[in-house]
Amino acid sequence: MWKKAYEWLEERLGLKALYDNLLDRPEPKGNWWNTLGSASLFLFVIQGLTGIFLTVYYTPSPDHAYDSIQYIMNGVAFGWLIRGIHHWGASLMIIIVFVHMLRVFVTASFKYPRELTWLIGIGLLLLTLGMGFTGYLLPWHQMAYWATTVGTQIAGSVPFLGEFILKALRGGPDLSALTLQRFFAAHIWMLPAGLAGLIGVHLYLIIKHGESHYPSRDE
Amino acid sequence: MSGSFSRRDFIKAATALIGGVIGAALGVPAIGYLVDPALRASAKEGWVPILKLEDVPLGKLIPFSFTRVQVNGWERTSTTFSGYVLRKSEDPKDMLILNSRCTHLGCTVNWKEDAQAFICPCHDAKFSKEGAVLDGPPPRPLDRFEEFRVNEAGVIELFFKAG
Ligand code: HEM
Ligand code: FES
């Protein structure tokens, strides 16, 4: 029965070819350090899922942001779990992505033909940091407010363009409802879309080139 | 290798198992999280004490008011309701409890002793002592709180429903 259903589907979908090429590809002998990219991917997916769930109650407005998060923590079933995963997952993802980059550096896997993979990786690191920066403001408590005040001030210290950058980040000279709203837009739409796109190219390149093997003594 | 449980099969089975466990550990709470507001008992209905029976003389309109707090998520809205009690005889069941919310557009009507009528400040509606429309735009008589009782302590309570 199952076999028949499977064969019917497979005949039309032809997923086995994809599976064989994408997941059943040969890998050089590696170790646990080689799993960190997949760990980053896993965390990205988890952050995406828990983030979508958070938007069910979170309200990005100065009047409601703080209260809506208090409500998620104390008023909604498992709200503490969803927010807890998203909160701790954010820090963990930054650490894991960073250590993944370190391992690529240490094994010199950024060399030909994987320079593009590395460059895109830098984009991924920056976007991940951007997620942390924009997400940090969203609870709209004192710590978030002042961290963002200082963070945007630092960005504003760029010579010549500083004031423009500061105003563009804040949506005006001061932190306001506009700041919260644009950080929210960046956090849930723009940066994740950028991450998803770059992750796609990153993974394509990894499959295309195969994973690098560890350099041996004579290399 | 064929027939036996290979290293590959083990990895596949382990991946499916761990994936399933993580999926369930996240998926079940996620559903609870989503439907949570639908599972909360709404505290909208209930008996509300308004006046002591002994404070309501026969045949006289006595005003009362009470406040209900509605909690939606992190927002609390309190609404004040008011009305008049009229005892028509010694029988505590023989009582008329009027809502002083005008049936036209919802302003609060006031009993005017000299006019012997409820007057609405908004569009000059007039209602009789029993709530019938005497004059003005309201489409129907004043609403009544139909469900009421007098508890052991001699306090008049009415049953409040949302809406
Ligand atoms: C959201 C962040 C990231 C995700 C989801 C991700 C995902 C992955 C995955 C699944 C692999 C397969 C091999 C492995 O896991 O080691 C990989 C390899 C690689 N990553 Fe990333 N990565 C991210 C960030 C970065 C960063 C920040 C860099 C460096 C700047 C980078 C550079 C590379 C390179 C050069 C490879 C090829 C390694 C090889 O062939 O041995 N990645 N990445
Ligand atoms: S609201 Fe009372 S008469 Fe219009």
Side-chain angles (χ1 to χ4, degrees), chain A residues 2 16 19-20 22-27 29-30 32 34-35 38-39 41-89 92 139-141, chain B residues 1-48 66-81 106 159-163:
Chain A
W2 288 121
K16 191 169 174 336
Y19 174 85
D20 288 347
L22 298 185
L23 292 175
D24 225 357
R25 68 203 137 85
E27 289 276 326
K29 196 168 166 45
W32 284 99
N34 293 324
T35 62
S38 303
L41 182 60
F42 175 77
L43 284 167
F44 175 72
V45 171
I46 290 290
Q47 291 300 96
L49 290 175
T50 51
I52 288 170
F53 276 91
L54 286 175
T55 65
V56 174
Y57 297 102
Y58 174 75
T59 308
S61 122
D63 291 348
H64 296 289
Y66 182 79
D67 290 339
S68 64
I69 287 187
Q70 291 305 307
Y71 182 65
I72 291 172
M73 294 303 281
N74 305 313
V76 188
F78 298 110
W80 57 271
L81 182 66
I82 307 276
R83 164 135 118 113
I85 293 174
H86 199 77
H87 180 93
W88 294 106
L92 189 64
W140 202 249
H141 50 226
Chain B
M1 264 310 227
S2 66
S4 68
F5 198 66
S6 66
R7 183 186 157 102
R8 252 164 194 258
D9 291 340
F10 172 76
I11 298 284
K12 274 188 198 162
T15 308
L17 186 73
I18 295 171
V21 169
I22 295 177
L26 264 178
V28 174
I31 292 169
Y33 173 89
L34 269 189
V35 302
D36 181 75
L39 301 178
R40 301 210 165 249
S42 59
K44 289 174 183 167
E45 301 190 343
W47 288 99
V48 184
F66 61 91
T67 301
R68 299 291 283 176
V69 178
Q70 174 77 40
V71 182
N72 283 314
W74 57 91
E75 292 196 292
R76 315 172 120 260
T77 328
S78 53
T79 316
T80 300
F81 297 87
F159 192 73
F160 179 82
K161 290 197 211 72

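Lettering follows sequence order; numbering is per chain, from 1. Please read these numbers as outputs of a predicted model, since none were measured by experiment.
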message: What I want to find out is whether A/D24 reaches B/R8 closely enough, with some N-O distance under 4.0 Å, to be called a salt bridge.
response: yes

task: Answer with side chain, backbone, both or neither: which region of A/Y66 has an atom nearer than 4.5 Å to a non-hydrogen atom of chain B?
output: neither

task: For chain A, find its close neighbours in residues 27-35 of chain B: heavy-atom separation under 4.5 Å, sorted by number, or none.
output: B/P29, B/A30, B/G32, B/Y33, B/L34

query: Quick one: what part of A/L49 sits under 4.5 Å from any heavy atom of chain B, side chain, backbone, both or neither?
result: neither

- request: For residues B/D36 and A/V76, report the shortest heavy-atom separation together with the two atoms involved.
  value: OD2-CA, 3.6 Å

field: Rounded distance (nearest 0.5 Å) linking atom CD of A/Q70 with atom CH2 of B/W74
entry: 12.0 Å

message: Heavy-atom cut-off 4.5 Å, strictly under: side chain, backbone, both or neither for A/F78 against chain B?
response: both

- request: Let me know if A/L54 has heavy atoms under 4.5 Å from chain B in its side chain, its backbone, both or neither.
  value: both

query: For chain B, which of A/T59, A/T50, A/N74 has the most heavy-atom pairs under 4.5 Å?
result: A/T59

task: To the nearest 0.5 Å, tell me how far B/I22 CD1 sits from A/I46 CD1.
output: 7.0 Å

